[in-house]
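For reference, the structure discussed in these notes is given below.
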Amino acid sequence: MLDCGGGGQGFVSAPRTEVMVTVPADHPDLASLRWMGPVTEATAAALACDASITSITLDGQQVPIDLSPPKRLFTGAVRKAILLRDTCCIKCGAPATWSDCHHIVHWADGGPTTLGNGCLLCRTCHRAVHHTDWDIVMGLDGHPWLIPPADIDPTRQPLPAYNRRTRTLAA
């Protein structure tokens, strides 16, 4: 068990939930989540960052006619390795129990669901990375590094993950 600063509790989280998106065959732009209604591609992508997504194509009578396999899920072993390496949100230090596994190279852009392409981000920092100019790269040390937006640091100097703030990029 690892302690991630969450009040002394040892914790290794289980994989997140599966999200089922239904897509009408005749109107693929009208995807929706059951009990929630229509969703945009951006919403589906944000949900998919730390959940598996199954897309179910429905015919005009609401009968499933196609099913995609779940995608994007960081498996238990990979998630545990990311938890062990990062120990907390790499941006702010929030406990791992509050954090999601994030694809550094987004899954939609061909990024694999691997230890070398994942990092922990709390929900607030996860949104910031998706919606602002923060970037994340994997350093030569095998740990994620944050690159702040130019309006925060005009030189965009990489910052080590929160739990490694005494390190240098070449280490």
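Because only heavy atoms are used, hydrogens play no part in the values below, and waters and symmetry mates are left out as well, while side chains stay in.
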Rounded to the nearest 0.5 Å, how far does [atom2] of [Y] lie from [atom1] of [X]?
X	Y	atom1	atom2	answer
Arg164	Arg85	CZ	CZ	9.5 Å
His130	His106	NE2	NE2	5.0 Å
Cys101	Arg79	SG	CZ	4.0 Å
Arg123	Cys89	CZ	SG	11.5 Å
Ile104	Cys119	CD1	SG	4.5 Å
Ile152	Gln157	CD1	CD	14.0 Å

Checklist entry - With Asp153, which residues qualify under side-chain hydrogen bond (donor to acceptor under 3.5 Å, both in side chains), at least two apart? => result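 Listed in chain order: Thr155.
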
Item to check | Sequence-distant partners of Ala81, side-chain contact (heavy atoms from CB on, under 4.5 Å), two or more places apart | outcome: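 Applying side-chain contact (heavy atoms from CB on, under 4.5 Å) to Ala81 gives Leu115.
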
Next on the checklist: Just by distance, no angles: are the side chains of His103 and Asn117 close enough, under 3.5 Å, to form a donor-acceptor pair?
Outcome noted: no

State yes or no: do [X] and [Y] share one hydrophobic cluster built from I, L, V, M, F, W and Y residues joined by side-chain heavy-atom distances below 4.5 Å, directly or via other members?
X	Y	answer
Leu121	Trp134	yes
Val39	Leu30	no
Phe74	Val105	no
Leu120	Val78	yes

Checklist entry - Where is the tightest heavy-atom contact between Pro144 and Ile136, given as atom of each residue plus distance? => result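 It is CB-CG2, 4.0 Å.
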
Checklist entry - Between Ala94 and Cys88, what is the shortest heavy-atom contact and its length? => result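 Minimum heavy-atom separation between Ala94 and Cys88: O-CB, 3.2 Å.
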
Checklist entry - Who are the salt bridge (Lys or Arg N to Asp or Glu O under 4.0 Å) partners of Arg156, not counting sequence neighbours? => result Asp135

Item to check | Sidechain-backbone polar pair: Ser99 side chain, Pro95 backbone, donor-acceptor under 3.5 Å | outcome: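 Checking the backbone N and O of Pro95 against the side chain of Ser99, a donor-acceptor pair under 3.5 Å is found.
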
Next on the checklist: With a 3.5 Å distance limit and no angle check, can you tell me whether Asp100 reaches the backbone of His102 through a side-chain donor-acceptor pair?
Outcome noted: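 It does not hold such a pair.
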
